[in-house]
Amino acid sequence: MTTPLLDITGLRVRFQGADGRVVTAVDGVDLSVHAGRILGLVGESGSGKSVTSLSIMGLLPKDSAEIEGRILFENENLLSVDEHRQRDLNGHRMAMIFQEPMTSLNPAYTIGEQIVELILRHTTKSRLEAEAQAIDMLRQVRIPTPEQRFHDYPHRLSGGMRQRVMIAMALALQPTLLIADEPTTALDVTIQAQILELVRALQEKQTTAVILITHDLGVVAELCDDVAVMYAGQIVEKGAVEDIFNTPQHPYTVGLLGSLPRLDQPQGRLAAIEGSVPDMTKPQTGCRFADRCPFVLPQCRTQAVPLQAISATQSSRCLRAPLERLVA
Amino acid sequence: MLSVILKRVLQLVPTVFFVSVIIFSLQHLLPGDPALIMAGEDKDPAVIAQIRAQYHLDQPLPLQYLYWIKGVLHGDLGESMRLKAPVLELVATKLPVTLQLACMAMLIALTLGVSFGVLCAVYKGRLLDSIVNVVGLVGISTPNFWLGIMLIFLFSVHLGWLPASGYVSPFEDLGQSLKTTIMPAFVLGNAIAGVLMRHTRGAMLQALASDYVRTARAKGLYEHVVVIKHAMRNALTPVITLGALEFGTLLSGAVLTEQIFTIPGFGKLIVDAVFNRDYAVVQGVVLVTATTYILLNLLADLGYILVNPRLRDE
Ligand SMILES: Nc1ncnc2c1ncn2[C@@H]1O[C@H](COP(=O)(O)OP(=O)(O)OP(=O)(O)O)[C@@H](O)[C@H]1O
Ligand code: SF4
Ligand SMILES: [Mg+2]
């Protein structure tokens, strides 16, 4: 297999709280994304999905976050480059769109200006050329009358339109990696499908790799090539989308799929599974899912549980995998 | 946009009227009969009656108000009974002094307050932040008169660099003028700088933690562009408004500071007028200050609308 575009190994992120408590938000994540593919990153709220993606972009608060591990992006370890280099990559080679379109644009500048400044930052284009390109991008994200919208301030646009602007900005320079952190959660159901369709269309056209963070397994099934499932700061299962949906190898994934919304109801969210996430301020021994797991064994709580390959394309962090043996 | 400005200006009319009524009535609620004071030692009833007639003091109050306001609208603020000079003329000679002092103080306050506020926010929790915060707190809580006396002691008495008192107009001798005003301006600016610094720091911290700043960083913009173009632009609008209001209070005359440095500004004029029951002067000065304050408010408002795209639409 070719070298991945993004290759994360042993990523660990700790937050030093003001009260002196240390939260380990991400604890040993290994994850890779191949060029041009879409990876779905799913998992309960607080499992560390956003923290993982912010680490890639170098956007975690420097004073409180302590990051360990290695993030190879285009063969460069992002955790050892200086801030200057990271900013050269941001917006240019990799881009991110966020959950909150209403607040993600600066209210004081027109949307045109906000796209133009990105182009001017990373290219040698003139302002005039940058403006033409920005308008072209607005057209590509299907904003009507882009020449006029170019001069609008964000408050004039709806949430869906603003998210289109964010996408236009993110993809303006054809990055090789796009991180979309729940890009449609804040939007109307009818708009959600349009935005995702737009991301997919542009992704195909530009052959951008995408990390799509979502709570919607229907969306994952429809859009993604690969899936990684996070639980309490760790990847508990990853694999090709068919593997995960057909033969899930971690009880947590099984739980999530048990409540998979039917495909004709795309608004469905992840299932609520009995119990709650372990306290991330305490060191963990054994499987983090043990308290909620129907298949738990005594050794699950005492023994370290590594992420193990089940097949060429799938791995699971469960002592009892493959699970087929249990249900047979 | 134009209609917004017009609306704001029209909204001022009742405010100004209300203020003028208050100024007028306060005067007449004060004890003491100005006619008696003016009539001098012998208090000749005929003279008193004549003074009353001349200044319309024998008319009912609403009529007196009308006479007064009619004069005001024609640029006639009355006459100082004590100095035997038109109030307008007194105001015109003192206002530039106070204005100069206020401008210099504001310049000092904005420069110190905004730059240190921004630096503190950017270096939050570091040594610089702590030092500036402590210095700022000391600055706010230092009484003006004490700081003034200390400055005089250091720069005039001890080092002999600056004159301890007096005032020279910048049109006469700019260098000398700056020398006579720099200490009082610093005293006045210092207190405001602390307030502006805290507001700037707070607003900047909020802006730096905002989603649009995260977007700006995700776009790869340089950190100084993120701070100056994206965070400051939004954080400073309320700070500028606050600055305008502080400027307004500076105009009402820094009574104490002007006294310490014997600067012949509004502060001294109004204190002298109050002690001598020089009604017309008090009324005139208060009216001018209040109007300027209201106008500054309006300017701050309009400036706020100008930099706030959302408000511009309304
Ligand atoms: N800046 C921060 N300071 C301290 N703790 C943080 C910070 N950011 C995130 N955390 C903590 O890290 C953990 C993981 O958060 P994260 O935002 O990655 O979750 P998530 O998987 O994205 O959840 P959601 O689905 O709700 O977005 C949470 O416990 C959160 O409280
Ligand atoms: S390791 Fe044990 S507790 Fe953890 S998921 Fe597997 S079976 Fe359940
Ligand atoms: Mg998140």
Side-chain angles (χ1 to χ4, degrees), chain A residues 16 18 50 53-54 56-64 83-111 113-122 151-156 162 165-166 169-170 172-173 175 178-179 181, chain B residues 1 4 118-130 133 200-201 203-241 302-314:
Chain A
Q16 189 77 52
S50 296
S53 38
L54 292 172
I56 302 168
M57 300 292 292
L59 291 176
L60 288 173
K62 291 193 180 38
D63 46 352
S64 64
E83 179 172 309
H84 198 278
R85 177 64 189 149
Q86 174 86 50
R87 293 280 169 101
D88 282 346
L89 297 170
N90 283 6
H92 191 202
R93 307 296 300 156
M94 55 172 139
M96 184 161 178
I97 54 180
F98 303 93
Q99 186 179 341
E100 309 83 6
M102 299 314 277
T103 49
S104 289
L105 291 163
N106 193 326
Y109 298 100
T110 62
I111 58 170
E113 167 60 22
Q114 296 187 54
I115 303 176
V116 165
E117 75 174 339
L118 166 91
I119 299 170
L120 292 179
R121 159 67 175 90
H122 294 290
H151 300 285
D152 273 353
Y153 287 92
H155 73 267
R156 291 240 181 139
R162 287 188 216 187
V165 172
M166 287 296 292
M169 201 147 73
L173 301 177
L178 171 71
I179 303 174
D181 190 351
Chain B
M1 184 67 208
V4 177
V118 170
L119 281 176
C120 278
V122 171
Y123 295 103
K124 179 193 149 208
R126 312 259 196 94
L127 188 65
L128 176 87
D129 185 25
S130 323
N133 264 306
T200 305
R201 181 177 181 275
M204 276 301 285
L205 281 180
Q206 207 184 341
L208 284 171
S210 70
D211 288 345
Y212 59 79
V213 159
R214 186 182 58 188
T215 304
R217 288 178 175 148
K219 279 156 79 173
L221 301 184
Y222 296 112
E223 189 61 17
H224 68 265
V225 178
V226 173
V227 170
I228 295 169
K229 181 175 176 182
H230 285 271
M232 270 176 80
R233 168 69 195 261
N234 287 287
L236 286 195
T237 10
V239 174
I240 297 301
T241 312
L302 292 182
Y304 200 72
I305 293 174
L306 207 67
V307 296
N308 255 308
R310 198 171 328 195
L311 296 177
R312 230 180 295 163
D313 269 2
E314 280 162 15

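Lettering follows sequence order; numbering is per chain, from 1.
For chain B, no part of A:H92 is nearby; none of its heavy atoms comes within less than 4.5 Å. Residue A:L105 touches chain B through its backbone alone, counting heavy-atom pairs closer than 4.5 Å. Neither the backbone nor the side chain of A:M102 comes within less than 4.5 Å of any heavy atom in chain B.
Looking at heavy atoms from C-beta onward, B:V225 lies out of side-chain contact with A:R87 at the 4.5 angstrom threshold.
Heavy-atom pairs under 4.5 Å with chain B were tallied for A:A108, A:P61, A:G91; the largest tally goes to A:A108. Options A:E83, A:H122, A:M166 differ in how many heavy-atom pairs under 4.5 Å they form with chain B, and the most are formed by A:H122.
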Mind listing the side-chain donor-acceptor pairs of residues 213-220 of chain B below 3.5 Å, one per line with the distance, residues two or more places apart or on another chain?
| residue | atom | partner | partner atom | Å |
| --- | --- | --- | --- | --- |
| B:R214 | NH2 | A:E100 | OE1 | 3.0 |
| B:T215 | OG1 | A:S104 | O | 2.6 |
| B:T215 | OG1 | B:D211 | O | 3.0 |
| B:R217 | NE | B:E223 | OE1 | 3.1 |
| B:R217 | NE | B:E223 | OE2 | 3.4 |
| B:R217 | NH2 | B:E223 | OE2 | 2.7 |
| B:K219 | NZ | A:Q114 | O | 2.7 |
| B:K219 | NZ | A:E117 | OE2 | 2.7 |

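Other residues, nucleotides and ligands place no more than 12 heavy atoms under 6.0 Å from the NZ atom of B:K124. Residue B:Q206 qualifies as open at atom CD: its count of foreign heavy atoms under 6.0 Å is 12 or below.
Taking 4.5 Å as the heavy-atom cut-off, the residues of residues 231-238 of chain B that approach chain A are B:R233, B:N234, ordered by number.
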